[in-house]
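Sequence lines set the chain letters: A, B, ... in the order given, protein chains first and strands last, and positions in each chain run from 1. Keep in mind that what you see is a predicted model, and the values were worked out from it rather than measured.
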Amino acid sequence: MNPLKVYNSYSREKEVFTPIIAGHVGMYVCGPTVSGESHLGHARPFITFDVVYRYLLHLGYKVRYVRNITDAGHFEEEGREAEDKISKKAVIEKLEPMELVQKYSNLFHWAMLRFNNLEPSIEPTATGHIVEQITMIEEIIAAGYAYEVNGSVYFDVKKYAEKYPYGKLSGRVIDDLLETTRELENQDEKKNKQDFALWKSASPEHIMRWKSPWGVGFPGWHIECSAMSAKYLGDQFDIHGGGMDLQFPHHESEIAQSMICNHKMPARYWLHNNMITINGKKMGKSYNNVIKLSELFTGSHALLAQAYSPMTVRFFILQTHYRSTLDFSNDALQAAEKGLKRLWDAYKELQHLAFDPLKERDIQTEDLFYAYCREMDESMNDDFNTAKALAHMFSLVNHINSFKSGVLEKKTMSAECFAYVKEQFASYIENVLGLKNEDELELDKLKGVLDLLADIRKESRAKKDYATSDKIRNQLQQLGILMKDEKDGKVSYGFE
RNA sequence: GGUUCCGUGGCCGAGUGGCUAGGCAGAGCUCUGCAAAAGCUUCUACAGCAGUUCGAAUCUGCUCGGGACCUCCA
């Protein structure tokens, strides 16, 4: 078995994963800015890193998973106005900033729950760590790498770059940045265009504001992650994750801040997921092509022919490697929905398979089963290749169904092999990939009724009373419940 | 313009130089009162050109096309 390897954006290579403290992993993932409703694009990193988290747990690591909530509203510079996203939205929606933040945090958590994402160990908020951020800024000023202008504080990138490799993570050359940086508001305050804000002075109408040694203002965007990751995971931790679009300037700046304050690279491994595209273009607000999660779950979007369940979306995302772009379309989601159903049906079937000590063992098939199981582990160890792991699971699906259809003779595998395959399959589908049966609740309620109907159908078929049997099946089908006659004479059912 | 990634069959997507990726869709067959499901068989591939090699989707070069980042962004 190969050890776990992860692609480190910083070195641009796959590296064997070795935690700082054996058996323990500290992981920080950039969380959402809760100034609006999450869309499909936002779902990807949180599902990606949920699987990373789950797999590390699966491997036996004790993991502290920190994912922040950005509720302080880092300023965005749209046109000429420097704006605070949350402030601005709060005014539009006539809400207190914290009321707005609460609303979208709740929505975010609701979506995470539906995706069956595990909760992070700690979910710190930027507004809850203003003191830590101010302290960190003071340290950077004391070290001589930041300066104050008119109540704002900027990080001196040029000075930093003289000693440290600013731009290494994102593959940027500092002189190029000088050339290409666009004219922005208050640019004249900065010594150099590449400098970024640690603290911004708040104008009187700005509603999110805190006192600081430099006057009333609010923190810059990058400092929150540096402050919170260091507080909960230490000066240096194992994994830092986030979307590829955060590589620059966000993560690059995080590194710079932490290097000055803590004299260490904050994270050993930088993991970045790629974007979700739609018609080949990145899904994002600025492109006006987002599909909100609520629209996805209800099917209320022009591009969607139907509603798609959270598990379908999760499966859809996991069918692609996290570092590849994933192109969205209605057809692709429809394919995912059917694929997931096939996977889950086989999983249910597997649970009913059992060995028969009277039959001769089929060593060849056993070996095949063991090989697929091993390949699942190998795939995940190769930079969390869920797409490949799923392909091997589908190979198992094919064989499981062969037992069912009689192509492979039933019960010819040893008890050990059956037990192992069952455990491995269950462990992957439920624990590692985090998929769950969405029918379960409904099934509980309807089970008794459906069992009865299945029984009546069975009886009427035995009497060749097809009028009755067809009536049962056809009317149930209209309700979205499929009744199937199995080979052994039983009648089974499932939801479409 | 700078940096960088990618172009795989009808669609989505894995791919370590030689071994079936996989899912969805299509065709035929088996099972079946009909159906569904499943199984078996099967059709479509590696953007183009040139090179390295016994052998390339996989390495190199060029051409064409597309994306991402360089500004908020998951």
Side-chain angles (χ1 to χ4, degrees), chain A residues 12 29-33 35 38-49 74-78 83 85 167 170-173 175-177 179-184 194 221 241-250 272-277 280-287 290 315-316 319-321 323-343 345-346 349 375 379 382 385-395 397-408 461 464 466 469-470 473-474 477 482-487 492-494 496:
Chain A
R12 285 151 205 272
V29 173
C30 289
T33 301
S35 61
S38 299
H39 59 73
L40 179 58
H42 295 128
R44 195 172 191 192
F46 305 125
I47 289 173
T48 296
F49 289 104
H74 51 268
F75 57 92
E76 63 177 8
E77 301 185 344
E78 229 172 57
E83 282 167 353
K85 239 190 222 177
S170 52
R172 223 123 301 211
V173 182
D175 295 328
D176 291 346
L177 289 175
E179 309 273 324
T180 56
T181 303
R182 192 174 72 160
E183 286 295 332
L184 293 172
Q194 313 94 315
W221 174 31
M244 250 176 204
D245 50 354
L246 296 182
Q247 240 176 52
F248 187 90
H250 186 52
H272 292 101
N273 64 275
N274 215 318
M275 302 292 105
I276 285 183
T277 60
K281 279 264 188 299
K282 175 180 161 182
M283 187 178 288
K285 263 184 244 171
S286 39
Y287 295 102
V290 301
F315 178 81
F316 171 64
Q319 262 190 313
T320 311
H321 184 77
R323 279 193 292 110
S324 299
T325 53
L326 169 55
D327 199 48
F328 168 87
S329 69
N330 186 63
D331 287 350
L333 266 185
Q334 238 155 26
E337 187 179 78
K338 287 181 186 167
L340 174 61
K341 186 176 186 313
R342 184 170 142 86
L343 183 71
D345 283 349
E349 183 62 30
E375 285 296 326
S379 302
D382 184 13
N385 196 331
T386 53
K388 216 170 166 184
L390 274 169
H392 294 300
M393 288 173 79
F394 272 105
S395 298
V397 165
N398 184 261
H399 283 81
I400 290 164
N401 288 333
S402 291
F403 276 119
K404 190 183 172 189
S405 69
V407 172
L408 285 173
R461 285 188 70 238
K464 295 197 188 291
Y466 296 125
S469 63
D470 283 353
R473 189 181 59 197
N474 293 341
Q477 191 169 13
L482 278 182
M483 206 153 256
K484 295 179 285 192
D485 304 332
E486 301 293 347
K487 273 217 168 74
S492 69
Y493 53 84
E496 272 185 329

Go through A:L482 and A:Q477 one step at a time and tell me if the side chain to side chain contact (heavy atoms under 4.5 Å, CB included) criterion holds.
CA-CA 5 Å; A:L482 278 182; A:Q477 191 169 13; 3.7 Å; yes
Closest approach to the side chain of A:Y287, judged atom by atom: which nucleotide of B:A68, B:C12, B:A74 is it?
B:A68
For nucleotides B:G61 and B:U52, find the distance between their C1' atoms and express it as a whole number of Å.
11 Å
CZ of A:F248 versus C1' of B:C70: gap in Å, rounded?
7 Å
Taking A:A389's backbone N and O only, do any of them form a donor-acceptor pair with A:H392's side chain (distance below 3.5 Å, no angle check)?
no
What does A:M483 touch in the nucleic acid at a heavy-atom separation under 4.0 angstrom: a base, only the sugar-phosphate, or nothing?
base
Ignoring hydrogens and angles, are the base of B:C5 and the side chain of A:R323 linked by a donor-acceptor pair under 3.5 Å?
no
Side chain of A:D245: nearest nucleotide among B:G13, B:C69, B:A35?
B:C69
Looking across every strand, which nucleic acid part, if any, lies under 4.0 Å from A:G41 by heavy atom: base, sugar-phosphate, or nothing?
base
Distance, nearest 0.5 Å, that separates CE of A:M283 from OH of A:Y287
12.5 Å
Using the C1' atom as the point on both nucleotides, what is the distance between B:U71 and B:A50, in whole Å?
41 Å
Rounded P spacing from B:U16 to B:C5 in Å:
16 Å
Nearest 0.5 Å please: distance from the CZ atom of A:F394 over to the NE2 atom of A:H399.
15.0 Å
Round to the nearest Å and state the distance from A:K282 atom NZ to B:C5 atom P.
18 Å
Output the rounded distance in Å from CZ (A:R342) to C1' (B:G22).
10 Å
When the distance from NE2 of A:H399 to P of B:A38 is rounded to whole Å, what number comes out?
16 Å
Whole Å only: how far is the CG atom of A:N274 from the P atom of B:A68?
10 Å
Regarding A:S324, tell me which of base, sugar-phosphate or nothing describes its non-hydrogen contacts under 4.0 Å with the strands shown.
sugar-phosphate
Any protein N or O atoms within reach of nucleotides 40-43 of chain B? Criterion: under 3.5 Å, listing atom names and distances.
{"residue": "B:C40", "atom": "OP2", "partner": "A:N398", "partner atom": "ND2", "Å": "3.3"}

Side chain of A:P249: nearest nucleotide among B:A38, B:A74, B:C70?
B:C70
Spatial distance of atom CG (A:N385) from atom CZ (A:R323) [nearest 0.5 Å]
9.0 Å
Spacing between A:R461 atom CZ and B:A36 atom P, to the nearest angstrom:
14 Å
To the nearest angstrom, the CG-P distance between A:L246 and B:U71 comes to 14 Å
Taking the same atom, C1', in B:C46 and in B:C12, what whole-Å distance lies between them?
16 Å
Would you kindly check whether a donor in the side chain of A:R473 faces an acceptor in the base of B:A35, or vice versa, at under 3.5 angstrom?
yes
Under 4.0 Å between any heavy atoms, over every strand shown, what does A:M393 touch: base, sugar-phosphate, or nothing? Just pick one.
nothing
Using a cut-off of 4.0 Å on non-hydrogen atoms, how would the nucleic acid contact of A:H250 be classed: base, sugar-phosphate, or nothing?
nothing
Out of B:G13, B:G33, B:G22, which nucleotide sits closest to the side chain of A:A391?
B:G22
May I ask you to say what A:F394 touches in the nucleic acid, namely base, sugar-phosphate or nothing, with a heavy-atom cut-off under 4.0 Å?
sugar-phosphate
Would you call A:D382-A:K388 a salt bridge at under 4.0 Å N-O?
no
Judged by nearest nucleotide, the residue sitting upstream toward the 5' end of RNA chain B, A:G171 or A:D345, is A:G171
Among B:G2, B:A38, B:A36, which nucleotide has an atom closest to any side-chain atom of A:R172?
B:G2
Provide, to the nearest angstrom, the distance between the CZ atom belonging to A:F315 and the P atom belonging to B:G13.
13 Å
Check every strand shown and say whether A:L340 touches a base, only sugar-phosphate, or nothing at a heavy-atom separation below 4.0 Å.
nothing
Would you measure the distance from the P atom in B:A37 across to the matching atom in B:G48 and give it in whole Å?
37 Å
Taken to the nearest 0.5 Å, the spacing of A:L340 CG from A:R342 CZ works out to 12.5 Å
Contact class for A:K281 vs. all strands (heavy atom < 4.0 Å): base, sugar-phosphate, or nothing?
sugar-phosphate
From the set B:C34, B:G22, B:A74, return the single nucleotide nearest to any side-chain atom of A:H42.
B:A74
Quick one: which of B:G33, B:C72, B:A14 gets closest to the side chain of A:S469?
B:G33
Hey, mind stepping through A:N274 and A:R44 against side chain to side chain contact (heavy atoms under 4.5 Å, CB included) and telling me if it holds?
CA-CA 8 Å; A:N274 215 318; A:R44 195 172 191 192; 3.9 Å; yes
Taking any heavy-atom pair under 4.0 Å as a contact, classify A:N385: base, sugar-phosphate, or nothing.
sugar-phosphate
Using the P atom as the reference point in each nucleotide, state the distance between B:A47 and B:G9 in Å, no decimals.
8 Å
Using the P atom in both, what is the distance from B:U20 to B:U42, to the nearest Å?
13 Å
Interatomic distance, A:N273 atom CG to A:L326 atom CG [nearest 0.5 angstrom]
10.5 Å
Looking only at non-hydrogen atoms, find the nearest pair between A:G41 and A:P45 and report the distance.
O-CD, 3.4 Å
Any base atoms under 4.0 Å from A:D470, or only sugar-phosphate, or nothing? Heavy atoms, all strands.
base
Using the C1' atom on both, measure B:G26 against B:G10 and round to a whole Å.
8 Å
Value for CG (A:D245) from CE (A:M275), rounded to nearest 0.5 Å, stands at 4.0 Å
Judged by nearest nucleotide, the residue sitting upstream toward the 5' end of RNA chain B, A:F316 or A:E486, is A:F316
Where does RNA chain B pair, written as one dot-bracket string 5' to 3', with Watson-Crick or G-U pairs under 3.5 Å, ( ) inside the strand, [ ] for crossing pairs and | for another strand?
(((((((..(((.....[...))).(((((.......)))))....(((((..]....))))))))))))....
Check each residue of residues 328-337 of chain A for a non-hydrogen atom within less than 4.0 Å of any atom in RNA chain B, then write out the ones that pass by number, or none.
A:A332, A:A335
